[in-house]
**Student:** 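After the structure tokens below, expect a handful of questions from me.
The shown structure was predicted, so the numbers you read here are calculated from the model rather than taken from an experiment. Residue numbers begin at 1 in each chain, while the letters A, B, ... track the order of the sequences.
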2 protein chains.
Amino acid sequence: MMELTRKGEYAIRGIVFLASRPPEQICLLSDIAAAVDVPPTFLAKIFQQFSKIGLVKSYRGTGGGFVLGRSADKITLLEVVEAVEGPIVPNRCVINKGECARDATCNVHPVWVDVQHRVRDILNEVTLQKLAGTNPPK
Amino acid sequence: MMELTRKGEYAIRGIVFLASRPPEQICLLSDIAAAVDVPPTFLAKIFQQFSKIGLVKSYRGTGGGFVLGRSADKITLLEVVEAVEGPIVPNRCVINKGECARDATCNVHPVWVDVQHRVRDILNEVTLQKLAGTNPPK
DNA sequence: CATAAAAAGACTTATAATGTCTTTTTTGTG
DNA sequence: CACAAAAAAGACATTATAAGTCTTTTTATG
Ligand code: SF4
Ligand code: SF4
């Protein structure tokens, strides 16, 4: 239960690697993919999603590639995960009221709300800067 | 991300309903399924799993049905969820060491370990007794 | 023995995960 | 300007998991 998909795992690996590089250095997708051992075409899709919401900045054409959209200490693991996996919802009924007809009287419902908050809190405390911390800058 | 499956949701509904009945009363699967609005054949599979590990006790033949395997205050939501969904693993690498070659040096790894513990703690604090609390005994 | 009920297992269908492949757009350089 | 390098976009393919059904078997009761 509650398992991160490979897409999510790859997304994290990719952007953490990017965060471990000098901020101004443009990285090729192919290089990132090779470094974190992810199928390049798959990582491409992931980085396209990142790019759309500004988590990374992309440059096309010759000399193009990717850099972080903001400084690594301003990007949280929560953002990264939710960008590719969607919101963290331990059960349907926490998405919005009325999703389950029973939610008003259900005693289980608040437990899921609690789980959601705790997990989000944990992930929100972790920045890419922390994650990239001791990685070798090569 | 992290979404409970229907199987899990149904499992909880079913056993919470059972916990809301007088402890000695044998309940028909068909009655439980109708009460909690779950396909009876699907709930049958779920209760078979419960039965195998003793979460419920089943009686076959005429007059048969299900009762809780222990008193409701001795069964936690964690047990129920893990019985049908398997262990709570936010990422593959928390299953066992060596699942990911990077885990020794990875800074993300401990975050998932933390998530796992927090979620398990929350679910482990919730008993079926609490969940069945204010349900009408009909 | 007839009937009621759960157990077991095979099977089906729908959805989501995990990728791949091809084409298009953008951009820098000789 | 032509070309090459790189990301963007979108269609496609494959596999795995979820979700549920159906049939047959076993067990118990009266
Ligand atoms: S936990 Fe309660 S409110 Fe949420 S889906 Fe289940 S029954 Fe509905
Ligand atoms: S979080 Fe780290 S240890 Fe876990 S799977 Fe990803 S890379 Fe491996």
**Student:** To the nearest angstrom, how far is Ile46(A) atom CD1 from dT20(C) atom C1'?
**Tutor:** 14 Å
**Student:** Using a heavy-atom cut-off of 4.0 Å across all strands, would you classify Phe47(A) as base, sugar-phosphate, or nothing?
**Tutor:** nothing
**Student:** Atom CZ of Phe66(A) to atom C1' of dA7(D): distance rounded to whole Å?
**Tutor:** 6 Å
**Student:** Contact class for Thr41(A) vs. all strands (heavy atom < 4.0 Å): base, sugar-phosphate, or nothing?
**Tutor:** base
**Student:** Nearest whole Å is fine: how far is dT15(C) C1' from Lys7(B) NZ?
**Tutor:** 17 Å
**Student:** Do any side-chain nitrogens or oxygens of Tyr10(A) fall under 4.0 Å of OP1 or OP2 in dT18(C)?
**Tutor:** no
**Student:** Between Leu28(B) (CG) and dT3(C) (P), how many Å, whole number?
**Tutor:** 18 Å
**Student:** Which value, rounded to the nearest 0.5 Å, describes the distance between Asp103(B) atom CG and Asn96(B) atom CG?
**Tutor:** 9.0 Å
**Student:** When the distance from CD of Gln48(A) to C1' of dC21(C) is rounded to whole Å, what number comes out?
**Tutor:** 14 Å
**Student:** Tell me whether Glu125(A) is salt-bridged to Lys130(A), with the criterion being a basic N under 4.0 Å from an acidic carboxylate O.
**Tutor:** no
**Student:** Taking a hydrophobic cluster as the set of Ile, Leu, Val, Met, Phe, Trp and Tyr residues connected by side-chain heavy atoms closer than 4.5 Å, whether directly or through intermediates, do Leu43(B) and Ile26(B) fall within one such cluster?
**Tutor:** no
**Student:** On DNA chain C, does the nearest nucleotide to Gly63(B) precede the nearest nucleotide to Gly8(A) from the 5' side, or the other way round? Give the residue.
**Tutor:** Gly63(B)
**Student:** Of Phe42(B), Phe66(B), Phe17(B), which meets ring pair (Phe, Tyr, Trp, His ring centres under 6.0 Å) against Phe47(B)?
**Tutor:** Phe66(B)
**Student:** Taking only Lys NZ, Arg NE, NH1 and NH2, and the carboxylate oxygens of Asp or Glu, determine whether Lys7(A) and Glu85(A) approach each other closer than 4.0 Å.
**Tutor:** no
**Student:** Whole angstroms only, please: what is the CG-P distance between Leu43(A) and dT20(C)?
**Tutor:** 12 Å
**Student:** Looking across every strand, which nucleic acid part, if any, lies under 4.0 Å from Lys52(B) by heavy atom: base, sugar-phosphate, or nothing?
**Tutor:** sugar-phosphate
**Student:** Starting at CZ of Arg6(A) and ending at C1' of dT20(C), how long is that distance when rounded to a whole Å?
**Tutor:** 16 Å
**Student:** Within the modelled atom types, does a donor on one side and an acceptor on the other bring the side chain of Arg60(A) and the base of dT27(C) under 3.5 Å apart?
**Tutor:** no
**Student:** Pick the closest DNA chain D nucleotide for Glu85(B) and for Pro40(B) by heavy atoms, then say which residue is nearer the 5' end.
**Tutor:** Glu85(B)
**Student:** Is Glu79(A) paired with Arg70(A) through a side-chain N to carboxylate O contact shorter than 4.0 Å?
**Tutor:** yes
**Student:** Heavy atoms only, 4.0 Å cut-off, all strands: where does Ser30(A) land among base, sugar-phosphate and nothing?
**Tutor:** nothing
**Student:** Rounded to the nearest Å, what distance is computed from the CG atom of residue Leu29(A) to the P atom of nucleotide dT27(C)?
**Tutor:** 18 Å
**Student:** For Ser51(B) and dA6(C), is the shortest distance between a side-chain N/O and OP1 or OP2 below 4.0 Å?
**Tutor:** no
**Student:** Given dG19(C), dA8(D), dA6(C), which nucleotide is nearest the side-chain atoms of Phe42(A)?
**Tutor:** dG19(C)
**Student:** Check every atom of dT3(C), dG28(C), dT20(C) against the side chain of Pro39(A) and return the nucleotide holding the closest atom.
**Tutor:** dT20(C)
**Student:** Relative to the 5' end of DNA chain D, which residue comes earlier, Thr5(B) or Gly61(B), by the nucleotide with the nearest heavy atom?
**Tutor:** Thr5(B)
**Student:** Looking at dA6(C), dA5(D), dG10(D), which one has an atom nearest to any side-chain atom of Lys45(A)?
**Tutor:** dG10(D)
